[in-house]
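Scope of the values below: all heavy atoms of this structure, side chains included, with no hydrogens, waters or symmetry mates. First listed ligand is number 1; within each ligand, the first listed atom is number 1.
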Amino acid sequence: MPSADPHASARQASSEPGSWGHASAWAGTNIALVKYWGKRPGSMNLPAAGSLSLTLADLGTRTSVRFLSKAVSPDRPDEIWLNGAPADPAFARRTSLFLDRVRSLAGIDHAAHVVTENTIPTAAGLASSASGFAALATAASRAAGLALSPPELSRLARQGSGSAARSIFGGFVEMAAGTAESGEDAVAHQVLPPESWDLRLVVALTAKGAKAIGSTEAMTHTAATSPFFAAWIESVDHDLADARDALSKRDFGRLGRITERSCLRMHASAMASDPGILYWNPVTVAAIHELRALRSRGVGVYFTIDAGPHVKALCEAENAATVAQALASIPGVLETLIAHPGPGVSVIEQSMGATA
Ligand code: PMV
């Protein structure tokens with residue numbers, strides 16, 4: 001049975017015989033303003049183009065990792081918990097594969113006990129893989145006795161999920177595509193800290209349940225079959241340069257226009273696949289029209305949409321309540337929430353000690 005504090009079991013066990021090292025970390029999720037959509041070939045999970053995002057406060061993942069003194073083996077697999085219950089096989093497998101990278105980096109073979117809690121409301125439709133792999137990279141590397149720098153953590157997190165590389169940093173973050181096959185230069189960095197610009201992302205949930213097709217599969221399918229994929233990738237560098245400039249000048253209208261066109265071009269490339277990938281539902285489209293109508297009435301607001309049907313509206317803090325109200329009034333919008341810029345990943349606790 002999960003205890004009231006599910007991290008307590010991981011924490012407690014670090015001082016018990018058989019425990020080797022323990023750490024826990026928290027990471028906020030992030031929403032891309034200039035989207036990442038497409039990978040380079042190879043096993044290092046390298047992006048085909050750069051991206052730029054905003055890390056969010058409060059909505060994220062807390063992960064505890066405890067390495068045991070026993071070696072990982074088919075008889076002694078990693079124990080993976082997610083939101084108070086044993087994780088499903090797909091999640092557990094992806095987590096264990098990521099732990100293998102950390103074990104190989106640290107030169108250890110210990111099995112792990114991992115407890116992951118998402119602080120993103122269950123049906124929020126916000127990607128938890130970004131904050132999940134950022135928190136896991138940080139907690140697992142610390143628990144393995146490694147003291148990685150933020151760029152090193154970003155490279156490591158990227159191998160779990162491309163967007164996770166950005167959640168290592170707070171505020172506005174740019175991910176470089178890089179060119180090295182090793183992934184050395186495919187790393188994120190902070191462009192502006194969270195407190196430097198008081199923007200809001202208003203999230204409108206338009207459906208319940210998991211997305212139809214995961215981002216990795218959808219990106220691969222888009223790259224393989226969409227005649228628009230090359231044009232999409234070609235457009236990204238210009239959007240990134242434009243976004244950097246808009247950020248440096250705190251030019252909200254310009255950042256908003258870049259955000260919308262990057263979203264629409266990403267989705268256009270996916271829609272033009274064969275068969276086409278369509279993440280939107282009728283409520284998604286209604287929300288787009290509502291936000292554009294609001295804009296024509298003088299409220300500065302721009303949308304972005306990820307690999308799902310939910311709509312995220314970028315606005316200045318003073319307009320967040322108006323935007324949330326307008327989105328909430330659309331039939332079919334299930335819930336709205338107002339998110340604000342947040343910090344990068346943090347280590348909550350750490351203890352080392354081989355006691356076996
Ligand atoms: O990091 P992944 O593999 O979950 O891909 C993220 C893809 C988008 O969320 C659609 C865009 C982005 O840049 O976050």
| query | Salt bridge check: are R200 and D198 linked by an N-O gap of less than 4.0 Å? | reply | yes

| Do D242 and R257 meet the salt-bridge criterion of a basic N to acidic O distance under 4.0 Å? | no

| note | ligand 1 atoms nearer than 4.0 angstrom to some heavy atom of A32 are 12 (C), 13 (O), 14 (O)

| query | If we only count N/O pairs under 3.5 Å, is Y36 in contact with ligand 1? | reply | yes

| salt bridge (Lys or Arg N to Asp or Glu O under 4.0 Å) with R94: which residues, sequence neighbours excluded? | none

| Should one rank M175, R166, K39 by closest heavy-atom distance to atom 14 (O) of ligand 1, which comes out on top? | R166

| request: Inspect the contact between K35 and D239 and indicate whether a charged nitrogen and a carboxylate oxygen are less than 4.0 angstrom apart. | output: no

| query | Mind checking whether H267 and W280 have parallel, tilted or perpendicular rings, split at 30° and 60°? | reply | tilted

| query | What do we get for S163 next to ligand 1 when only non-hydrogen atoms under 4.0 Å count, side chain, backbone, both or neither? | reply | both

| request: Indicate whether the side chain of W26 and that of T61 have a donor and an acceptor atom separated by less than 3.5 Å. | output: no

| Can you list the ligand 1 atoms lying under 4.0 Å from a non-hydrogen atom of S129? | 4 (O)

| task | Provide the number and element of each atom of ligand 1 under 4.0 Å from a heavy atom of A307. | result | 10 (C)

| query | With atoms numbered from 1 as shown, which atoms in ligand 1 lie under 4.0 angstrom from a non-hydrogen atom of W37? | reply | 10 (C)

| said: Within ligand 1, which atoms have a heavy atom of S215 less than 4.0 Å away? | reply: 2 (P), 3 (O), 4 (O), 5 (O)

| Atom indices of ligand 1 within 4.0 angstrom of G162 heavy atoms, with elements | 1 (O)

| message | Within the 3.5 Å criterion, strictly below it, is a donor on S51 or R166 matched to an acceptor on the partner's side chain? | response | yes

